[in-house]
There are 2 protein chains.
Amino acid sequence: MDDLTEMLKGTLEGCVLEIIGSEETYGYAITRRLNELGFADVIEGTVYTILLRLERGDLVRVTKRPSEKGPPRKFYALNAAGRAELAAFWAKWEYLSSRIDSLRESGK
Amino acid sequence: MDDLTEMLKGTLEGCVLEIIGSEETYGYAITRRLNELGFADVIEGTVYTILLRLERGDLVRVTKRPSEKGPPRKFYALNAAGRAELAAFWAKWEYLSSRIDSLRESGK
DNA sequence: CCCCACTACTCGGTGATACCGTGTAGCAGT
DNA sequence: ACTGCTACACGGTATCACCGAGTAGTGGGG
């Protein structure tokens, strides 16, 4: 699949929120998870910028823990504001995708 | 529905392509059509920048025609490259929405 | 023992996109 | 003459995903 970057704007952050919401995890693992989910071209730098944004926006709780396989990891979990943001993301996504599907129907 | 602008990046241009593809039309009417389709906050300036971009990218055929109700209108129709771009847009959209739906499923 | 690979995070800068505000203009009705 | 609707163009802004380079910790092969 060719370049999805423009289409990912606004949705990739929501995907990261969803992953964090389902399990406390860290940046490197989130990137690998996105890759295996089909977001093949998403790179670590992108995920880390999103995580820093979430942290600055006070949507996550961060816990630093040592790793057996390298430098220490920063584990992320959603707080109340993060869960609200995640719910808002899914509401927007449902709205947008229904609008787009109806546009496609009306067009033919 | 609150702000969709980030999520519209990459998709709004595709919506405009779809509208042009189904009927030769002009900027002001495209904006009204988007509004009634549920893209309520999309403003004329946004649509015109997209149309100029399509024109510069050689994806459309442009015909200027006088109007009974105001200044002359620029009518847009897809050319071969535009139709290819539209098909590519739908392919990307299907890919992305299927990935996101599967992410949501796997999360719960 | 040293280099390499993998893991793990940070940061400055880039390009693309939707949006905002303003300006220009034609036409119709009061 | 004034207001409102139609119709388009343009400079500037914010946000986002991405890129590139840098910093580190761990373990294995030559």
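Every chain is numbered from 1 and lettered A, B, ... according to where its sequence line falls, protein lines coming before strand lines.
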Min side-chain heavy-atom separation L103(A)-I19(B) under 4.5 Å: yes

So T46(B) and L8(B), do their side chains get closer than 4.5 Å, heavy atoms only? no

Side-chain N or O of Y48(A) less than 4.0 angstrom from OP1 or OP2 on dT10(C)? no

Using a heavy-atom distance cut-off of less than 4.0 Å, which residues of residues 86-95 of chain B contact DNA chain D? none

Is there a path of hydrophobic side-chain contacts, each under 4.5 Å between heavy atoms, that joins F89(A) and I50(A)? yes

Student check: side-chain heavy atoms of T63(B) and E24(B) closer than 4.5 Å: yes

Verify the cluster assignment for M1(B) and V42(B): are they in a single hydrophobic cluster under the rule of side-chain heavy atoms below 4.5 Å apart? yes

Judged by nearest nucleotide, the residue sitting upstream toward the 5' end of DNA chain D, R56(B) or R32(B), is R32(B)

Residue pair I100(B), W93(A): steps toward the side chain to side chain contact (heavy atoms under 4.5 Å, CB included) verdict: CA-CA 9 Å; I100(B) 291 194; W93(A) 172 255; 3.8 Å; yes

Using a 4.0 Å cut-off to any heavy atom of chain B, which nucleotides of DNA chain D are the first and last in contact, reading 5' to 3'? dT6(D) to dC16(D)

Taking only Lys NZ, Arg NE, NH1 and NH2, and the carboxylate oxygens of Asp or Glu, determine whether E23(A) and R33(A) approach each other closer than 4.0 Å. no

Show me the pairs that pass salt bridge (charged side-chain N to carboxylate O under 4.0 Å, His left out) and involve residues 86-100 of chain B, at least two apart or across chains. R104(A)-E94(B)

Give L52(A) one of three labels, base, sugar-phosphate or nothing, depending on what nucleic acid heavy atoms sit under 4.0 Å from its own. sugar-phosphate

Rounded distance (Å) that lies between atom P of dC9(C) and atom CD1 of I30(A): 8 Å

Verdict with reasoning, T5(B) to D41(B), per side chain to side chain contact (heavy atoms under 4.5 Å, CB included): CA-CA 9 Å; T5(B) 74; D41(B) 297 336; over 6 Å; no

Partners of A29(B) by side chain to side chain contact (heavy atoms under 4.5 Å, CB included), sequence neighbours excluded? T25(B), Y26(B)

Please report the C-alpha distance between V60(B) and L78(B) in whole Å, then the side-chain angles of each, then the deciding distance to 0.1 Å, and finally whether the side chain to side chain contact (heavy atoms under 4.5 Å, CB included) criterion is met. CA-CA 4 Å; V60(B) 287; L78(B) 296 187; 4.1 Å; yes

I need a per-nucleotide contact map over nucleotides 13-24 of chain C, read 5' to 3'. Cutoff is protein heavy atoms under 4.0 Å; write B for the base, S for backbone only, - otherwise. --BBBSB-----

Can you sort out which residues in residues 64-72 of chain A have a heavy atom within less than 4.0 Å of DNA chain D? Ascending by number, please. E68(A), K69(A), G70(A), P71(A)

Hydrophobic clusters here meaning ILVMFWY residues chained together by side-chain heavy-atom distances under 4.5 Å, can you tell me if W90(B) and V16(B) are in one? yes

Hey, quick one: are Y76(B) and L37(B) part of the same hydrophobic cluster, counting side-chain heavy atoms closer than 4.5 Å, chains of contacts allowed? yes

